[in-house]
Amino acid sequence: MTLRIYNTLTRRTEPFEPLAPPRVTMYVCGPTVYSYAHVGNFRTFVLGDLLRRYLEYLGFEVFQIMNITDVDDRTIKAAAAAGVSLQDHTRPFTRAFFEDRDYLRIRPADVYPSATEYIPRMVELVQRLLERGLAYRGEDGSVYYAVGKFEPYGRLSQIERRELKAGARVASDEYTKEDVRDFALWKAATPDDEAVGAAWDAPFGRGRPGWHLECSAMSLTEVRQRFGVETLDIHAGGVDLIFPHHENEIAQSEGATGRPFARYWVHGEFLFIRGTKMSKRFGNQLTARDLREEGHDASAVRMLICSTHYRQQLNFTDEALEGAAEGVRRLADFRERLADAAAGAAAASAPQEAVDLERGFREAMDDDLNVPRAVGALFTFVRGANRELDAGSWGPPEARAALATLETVLAVLDLLPVSEAVDAALEAWVAERLEARRAARKARDFAAADAIRDELAARGIEVEDTPQGPRWRRRGG
RNA sequence: GGCGCCGUAGCCAAGUGGUAAGGCAGAGGUCUGCAAAACCUCUAUUCGGCGGUUCGAGUCCGCCCGGCGCCUCCA
């Protein structure tokens, strides 16, 4: 079995074969830092995270690039409105993005190039396209890509010719385009651009990059400098980017290099809030910070994202999030139980349940990253292993082996909260209370014992009596 | 109008043409001083509707109903 992945370029699920294994180069379209990224953005970033982790599980050496878009219409507009420079506006949101990324336990990419740091590379790319006759200067001082001269244009999005609806609004700067499909590579500087410091000198005029240019310039530069190639193995992003963004990236990159830009195009579907697409317009934007501030553990968010295949729309509701949180709780309790059972032992050969887990996990993930099915295999394992533990048929060596398999799978999915350190004072207090409860129970004074349990519960401590004695944990909040 | 997607139990959701994974919630039971956790049993004779192909369809084809996305710098 090998990984098969759906490639938007061919509209087929294909065996994954990187250009130069074991290396895999991967580019995931990152955030535009004009505001906080919302959970829909993060769904895509989690997809990138899962894909990258699974590739590593398979033994590939992944080099992941994620761009930070810190200059575009929205960042400039927001900075101008706030009366601050572009940098002053984007810096805090960039920092916030990294915080949110860590909250959601998305493993950091290898590099995070930001658009403003790659202006010279972008200028070079525009020059190259001008030299090759694929770009032209408009009367407004902007530079446009001549889509009609790039024969494969439209292959990714399967759009032969973009038709503008009659009466559609046409921005003033578009009057100088030779073809309605042409898009700006370089936009002539406006007073607003100058006011916030979003204008740079270039041989073809002062201005700033068009939206699509940065991804081409940054990804090509990174893989060329590091690996001497001009083709990415994987390029990922949200479905909305297929057109025009990724279509235009292909035109820019392949027009300049003459080589395939990306071998596999992976697109994640949208996340909806109560059945509607998230957008400013509907006032239903939900950011990762909102979730964190509401006290939701990131594990529940990851679990919810993992419950739906990446090419299916995901409906984010409070009820679904609660359900996911309960699943996380079950899984976390189980891992703790298994770890206790494995304490101090060396691993035996893997028990059948563990063998089934790993096989089920791989089969599911190999099938176009079917994470929901992989999670199904995980819970099937939980039930089977609990049964064995109840029956006492696993000794510590079996438990150790099963735990090892579980950890392997969780290294990819990362669905469990990191255990927080318990302060010594609380620990001592709980120990004292549990001892008092033990004495009360021994004296068969159950009223007193239950009162102590309630007292602990009031402080968020949950007690469970097991054959090995009472166990406790912090729960809820 | 063009391109495309979806409709599976109360909720979320997987499903290679061969007889409906998994999670949450719910009911009953085992265990327990009582709980909790865990385990066991039950909860869709059926996959939006109607036709068709087939020995056999949630899975393929057609039509219809309902919902959604892209085609405007939105992940």
Side-chain angles (χ1 to χ4, degrees), chain A residues 11 28-32 37-48 69 72-74 154 157-166 168-171 174 183-184 187 210-212 236-245 248 267-272 275-281 303-304 306-309 311-317 319-331 333-334 336-337 360 364 367 370-383 385-391 441 444-447 449-450 453 457 462-467 470-471 475:
Chain A
R11 311 268 159 160
V28 180
C29 275
T32 300
H38 55 64
V39 290
N41 297 317
F42 279 106
R43 181 191 187 191
T44 301
F45 303 150
V46 169
L47 163 64
T69 300
D72 81 320
D73 285 2
R74 289 176 297 169
S157 54
Q158 311 269 294
I159 291 172
E160 285 303 312
R161 170 168 280 273
R162 183 154 62 120
E163 314 241 345
L164 286 190
K165 287 181 196 164
R169 190 187 113 261
V170 179
E174 290 182 346
F183 58 92
K187 303 176 98 162
W211 176 39
H212 319 294
V239 283
D240 54 324
L241 298 183
I242 295 171
F243 188 89
H245 188 53
N248 292 351
H267 291 100
E269 255 296 349
F270 275 129
L271 177 151
F272 291 80
T276 34
K277 179 180 167 179
M278 221 183 316
S279 80
K280 280 269 160 73
R281 191 155 42 105
M303 181 68 91
L304 180 55
C306 284
S307 74
T308 302
H309 185 88
R311 288 196 288 121
Q312 295 293 330
Q313 293 169 351
L314 185 157
N315 193 12
F316 196 102
T317 64
E319 198 178 4
L321 185 59
E322 286 310 312
E326 286 305 315
V328 167
R329 179 176 293 194
R330 174 169 158 84
L331 195 56
D333 286 353
F334 167 71
E336 196 179 326
R337 181 185 191 195
D367 183 13
N370 195 326
V371 180
R373 212 163 82 208
V375 172
L378 187 56
F379 279 102
T380 299
F381 168 74
V382 171
R383 193 177 57 243
N386 267 320
R387 193 160 33 203
E388 300 293 352
L389 291 168
D390 278 359
R441 291 183 73 207
R444 302 197 69 78
D445 183 356
F446 295 120
D450 289 350
R453 189 165 64 195
E462 194 171 86
V463 181
E464 272 180 35
D465 296 314
T466 75
R471 280 189 6 190
R475 183 143 282 178

Separation of the [atom1] atoms in [N] and [M], to the nearest angstrom:
N: B:G49; M: B:C11; atom1: P; answer: 15 Å
N: B:C12; M: B:G26; atom1: C1'; answer: 16 Å
N: B:G18; M: B:A57; atom1: C1'; answer: 10 Å
N: B:C60; M: B:U53; atom1: C1'; answer: 8 Å
N: B:A20; M: B:C65; atom1: P; answer: 32 Å

By nearest-heavy-atom nucleotide on RNA chain B, the more 5' of A:Glu326 and A:Gly30 is A:Glu326
Need to verify one output field. Residue with the more 5' nearest nucleotide on RNA chain B, A:Arg373 or A:Gly237?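 With A:Arg373 and A:Gly237 compared, the 5'-side residue is A:Arg373.
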Paired with [N] by Watson-Crick or G-U wobble geometry, both distances under 3.5 Å: which nucleotide is it?
N: B:U16; answer: none
N: B:G7; answer: B:C65
N: B:C39; answer: B:G29

To the nearest Å, how far apart are [X] [atom1] and [N] [atom2]?
X: A:Phe243; N: B:G69; atom1: CZ; atom2: C1'; result: 15 Å
X: A:Asn315; N: B:G10; atom1: CG; atom2: P; result: 17 Å
X: A:Leu271; N: B:C12; atom1: CG; atom2: P; result: 14 Å
X: A:Met303; N: B:A14; atom1: CE; atom2: C1'; result: 15 Å
X: A:Asn248; N: B:C71; atom1: CG; atom2: C1'; result: 13 Å
X: A:Asn370; N: B:A14; atom1: CG; atom2: C1'; result: 6 Å
X: A:Leu304; N: B:A14; atom1: CG; atom2: P; result: 12 Å
X: A:Phe316; N: B:A75; atom1: CZ; atom2: P; result: 18 Å

Check: Does B:G23 have OP1 or OP2 sitting under 4.0 Å from an N or O in the side chain of A:Ser307?
Finding: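 No, A:Ser307 has no side-chain N/O under 4.0 Å of OP1/OP2 on B:G23.
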Inset, instruction - For A:Phe270, report the nucleic acid contact type (base, sugar-phosphate, nothing); a contact means any heavy atom under 4.0 Å. - result: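 Result for A:Phe270 = base.
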*asked:* Classify A:His38 by what it touches in the nucleic acid, base, sugar-phosphate, or nothing, heavy-atom distance under 4.0 Å.
replied: base
Across all chains, not counting sequence neighbours, the ring pair (Phe, Tyr, Trp, His ring centres under 6.0 Å) partners of A:His267 are A:His246
Taken in chain and number order and not counting sequence neighbours, the residues that satisfy ring pair (Phe, Tyr, Trp, His ring centres under 6.0 Å) with A:Phe381 are A:Phe334
Report task. Report the residues that fulfil salt bridge (charged side-chain N to carboxylate O under 4.0 Å, His left out) with A:Arg74, sequence neighbours left out, ordered by chain and then residue number. Result ->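 Listed in chain order: A:Asp72.
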Next on the checklist: Suppose we screen for salt bridge (charged side-chain N to carboxylate O under 4.0 Å, His left out). Which residues come up paired with A:Arg43, at least two apart in sequence or across chains?
Outcome noted: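 A:Arg43 satisfies salt bridge (charged side-chain N to carboxylate O under 4.0 Å, His left out) with no other residue.
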Taking only residues two or more places apart in sequence, or in another chain, which ones meet [X] in a side chain to side chain donor-acceptor pair (under 3.5 Å)?
X: A:Glu462; result: A:Arg475
X: A:Arg337; result: A:Asn386, A:Asp390
X: A:Glu269; result: none

The contact string for nucleotides 3-9 of chain B, one letter per nucleotide 5' to 3', using protein heavy atoms under 4.0 Å with B, S and - for base, sugar-phosphate only and none, comes out as ---S---
Once base and sugar-phosphate atoms are separated, protein heavy atoms under 4.0 Å mark nucleotides 33-42 of chain B, 5' to 3', with B, S and - as BBBBSSSS--
- prompt: Any side-chain heavy atom of A:Pro31 within less than 4.5 Å of one from A:Asn41?
  reply: no
**Prompt:** Is the closest basic N to carboxylate O distance between A:Asp465 and A:Arg441 below 4.0 Å?
**Reply:** yes
Nucleotide of B:C70, B:A13, B:A75 approaching A:Leu241 most closely (side-chain heavy atoms):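 Selected nucleotide (nearest to the side chain): B:A75.
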